[in-house]
There are 2 protein chains.
Amino acid sequence: MATGRTHRPATRGRGIPEATVARLPLYLRALTALSERSVPTVSSEELAAAAGVNSAKLRKDFSYLGSYGTRGVGYDVEYLVYQISRELGLTQDWPVVIVGIGNLGAALANYGGFASRGFRVAALLDADAGLAGRLVAGLPVRHIDELEAIVADNQVSIGVIATPAGAAQEVTDRLVAAGVTSILNFAPTVLSVPDGVDVRKVDLSIELQILAFHEQRKAGEERQDPDGDVPAVMPA
Amino acid sequence: MATGRTHRPATRGRGIPEATVARLPLYLRALTALSERSVPTVSSEELAAAAGVNSAKLRKDFSYLGSYGTRGVGYDVEYLVYQISRELGLTQDWPVVIVGIGNLGAALANYGGFASRGFRVAALLDADAGLAGRLVAGLPVRHIDELEAIVADNQVSIGVIATPAGAAQEVTDRLVAAGVTSILNFAPTVLSVPDGVDVRKVDLSIELQILAFHEQRKAGEERQDPDGDVPAVMPA
DNA sequence: ATGTCTTTGTGAACGCGTGCACAAAGATGG
DNA sequence: CCATCTTTGTGCACGCGTTCACAAAGACAT
Ligand SMILES: NC(=O)c1ccc[n+]([C@@H]2O[C@H](COP(=O)([O-])OP(=O)(O)OC[C@H]3O[C@@H](n4cnc5c(N)ncnc54)[C@H](O)[C@@H]3O)[C@@H](O)[C@H]2O)c1
Ligand SMILES: NC(=O)c1ccc[n+]([C@@H]2O[C@H](COP(=O)([O-])OP(=O)(O)OC[C@H]3O[C@@H](n4cnc5c(N)ncnc54)[C@H](O)[C@@H]3O)[C@@H](O)[C@H]2O)c1
């Protein structure tokens, strides 16, 4: 019965479709660039080009937020930056913990784009006692046993997992038990979490395999017909 | 205009839907784990649970590859591993170059899961002359000027970009000009590429923002009604 | 004030992806 | 050889997401 209620019907509530939510950060990035160049307004056409999407889609996306454009003119850049930021919840601070400070975890800790948008690294955690106390990106690595206390003290609701795959589920369970309700998983494993906890995954290996599929397909079509279907009428 | 023809109409040709292609690596991973435990066959129900998907979806996905199951029994693990590997193009070697050997690029170079599935790091490239020759994950960092020669000599068709955002488009153009037709982009920028070149992006910042949106939404609903719509009849 | 011109906001059509539910296939046991 | 039981493969319906195309809105000039 648990699988029955799994996929929530998009983002009903006030009703911003999931696909739209996924594009808002893209728009925000493009708008921020315009804002830095002191551009006052932008049309859906221009902004769509900058974000790499269809302009009708962009307008429909914005229509879910309300009517923030002016016909004949376009959108006010600053106002839109604010509205999208607010909608995404970026006007508040989000404390984040990173678990697993190896190659990847250290790179993530050093990532500047992290802090720039309301995400603050509250702590770096690792099971390796030898790492404890070492400074990474200016922060001391704390032992994993401190997880529960750190999450509680800092009201952390977002956790990033960069441990080996074998440890990911265990770390997840501890994070969730401690109160974390959003997880970004870099380990190549399927995580089980209770209802109400969101998991998003970043999987390099999967991305490469998808590219390989299309690559193989291109190589195949190259010496066959470009439609890739039936060989039809071979020339001679 | 590269942005015009961006989304191809799924994977028509012989016709494996794009959504299915994206799940095949997931199945492959689960199957590989079963294979290592010498499990001979697996039912769609079991495998679906391991991959975290609906069993009907899994069966439909496999049906696009052909009828590889046996009714009343399930799927032969080894056979399926081979079929999916072949379909994804993992039976051949894919030389890959990584451009930008900073925090992230170095972590990627050290990533074990890279080589495990037919992806071979052909070279590490960076614009910083000071890095040239330094060993990262056992490979010497080469100067970016060698890009064209390396791509040609090794027949590289997949490039990974881990440079700062400002350099990503320029690197992309050089990669494409040199013959690369698939790009995995970690830099937070929209890349323009000509038709026939695939780009996939991994964007930590976007993932976090999506999580923040849902997190904010959860926090809001908590103290309102759980349906999130009209406040209806507030209990006094 | 009126007309023109630009650009938004959205109705409507369409296609893809998902999941239910079941008939057909085939294994297994007697 | 037949009955039973398990599990696949898929027809079908439904909902989400995308795109087209256009009416309405408003800026701006005269
Ligand atoms: N390096 C990459 O570029 C890359 C890319 C994609 C995916 N990944 C995945 O990210 C994860 C980390 O990769 P990495 O290269 O940094 O590995 P790594 O071995 O360098 O680092 C893993 C770290 O996790 C710590 N750890 C292990 N068990 C732990 C536990 N139970 N609790 C807390 N910390 C624990 C280890 O002490 C170590 O410091 C792996 O799952 C890997 O598959 C890495
Ligand atoms: N570090 C992370 O966890 C992380 C996460 C998400 C995204 N990113 C993105 O990945 C990219 C790299 O991040 P990083 O933390 O490794 O940065 P970094 O500054 O540590 O490394 C960037 C490297 O790229 C090299 N470089 C610069 N211009 C180049 C060019 N034209 N050609 C070749 N090489 C060039 C630099 O010499 C440097 O070695 C950035 O775009 C960043 O936004 C990083």
Side-chain angles (χ1 to χ4, degrees), chain A residues 1-24 26-27 31 39-77 79-80 83 210, chain B residues 1 3-24 26-27 31 39-77 79-80 83-84 210:
Chain A
M1 200 44 154
T3 26
R5 207 168 265 304
T6 309
H7 73 113
R8 56 207 64 200
T11 323
R12 32 161 215 198
R14 197 157 82 263
I16 298 182
E18 189 59 32
T20 295
V21 172
R23 281 188 294 269
L24 290 181
L26 226 50
Y27 302 145
L31 285 164
V39 177
T41 61
V42 66
S43 72
S44 63
E45 205 69 50
E46 295 168 309
L47 187 54
V53 302
N54 181 298
S55 72
K57 189 174 353 191
L58 177 142
R59 286 197 299 276
K60 183 149 286 187
D61 283 343
F62 286 173
S63 79
Y64 293 116
L65 310 184
S67 286
Y68 295 148
T70 308
R71 295 172 190 229
V73 177
Y75 298 90
D76 182 281
V77 172
Y79 188 55
L80 205 45
Q83 290 299 343
I210 296 172
Chain B
M1 197 45 137
T3 26
R5 206 169 265 305
T6 310
H7 74 112
R8 56 207 62 204
T11 321
R12 28 159 220 201
R14 196 157 82 263
I16 299 182
E18 190 59 32
T20 296
V21 173
R23 280 188 295 269
L24 290 182
L26 227 51
Y27 302 145
L31 285 164
V39 177
T41 61
V42 65
S43 71
S44 64
E45 205 69 50
E46 294 169 309
L47 187 55
V53 302
N54 180 298
S55 71
K57 191 179 342 194
L58 178 142
R59 287 197 298 276
K60 184 152 288 186
D61 283 342
F62 286 173
S63 79
Y64 293 116
L65 310 184
S67 286
Y68 296 147
T70 307
R71 295 171 190 231
V73 177
Y75 298 90
D76 182 282
V77 172
Y79 189 56
L80 205 45
Q83 291 298 343
I84 295 180
I210 296 172

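Lettering follows sequence order; numbering is per chain, from 1.
In this entry the distance linking CG of B:Asp61 with C1' of C:dG17 reads 10 Å, nearest Å. Rounding to whole angstrom units, CD of residue B:Glu18 and P of C:dT18 are separated by 12 Å. Atom CZ in B:Arg23 sits about 11 Å away from atom C1' in C:dG19, given to the nearest Å. Whole-Å rounding puts the B:Asn54 CG to C:dA21 P distance at 12 Å. In this structure, A:Lys57 places its NZ atom 17 Å from C1' of D:dA21, rounding to the nearest Å.
A donor N or O paired with an acceptor N or O is found under 3.5 Å between the base of C:dG19 and the side-chain atoms of B:Lys60.
Of all heavy-atom pairs between B:Ser55 and B:Ser44, the closest is CB-O, 3.9 Å. In plain terms, the two heavy atoms of B:Tyr68 and B:Leu65 that are nearest each other are OH-O, 3.1 Å.
Distance check, rounded to the nearest 0.5 Å: OH of A:Tyr27 to CG of A:Asp61 gives 3.5 Å. If you take CG on B:Leu47 and CZ on B:Phe62, they are separated by 5.0 Å, rounding to the nearest 0.5 Å. In this structure, A:Leu80 CG and A:Thr41 OG1 are separated by 11.5 Å, a value rounded to the nearest 0.5 Å. Within the model, atoms NZ of A:Lys60 and CZ of A:Arg23 stand 11.0 Å from one another, a figure rounded to the nearest 0.5 Å.
Taking the side chain of B:Pro17 as heavy atoms from C-beta on, and the options C:dG17, D:dT10, C:dG11, the nearest nucleotide is C:dG17.
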Close N or O pairs between protein and nucleotides 7-9 of chain C (under 3.5 Å):
unit_1: C:dT7; atom_1: O4'; unit_2: A:Gly72; atom_2: N; d: 3.0
unit_1: C:dT8; atom_1: OP1; unit_2: A:Ser44; atom_2: N; d: 2.6
unit_1: C:dT8; atom_1: OP2; unit_2: A:Ser44; atom_2: OG; d: 2.6
unit_1: C:dT8; atom_1: O2; unit_2: A:Arg71; atom_2: NH1; d: 2.9
unit_1: C:dG9; atom_1: OP1; unit_2: A:Gly69; atom_2: N; d: 3.1
unit_1: C:dG9; atom_1: OP2; unit_2: A:Tyr75; atom_2: OH; d: 2.7
unit_1: C:dG9; atom_1: O4'; unit_2: A:Arg71; atom_2: NH2; d: 2.8
unit_1: C:dG9; atom_1: N7; unit_2: A:Arg59; atom_2: NE; d: 2.9
unit_1: C:dG9; atom_1: O6; unit_2: A:Arg59; atom_2: NH2; d: 3.2

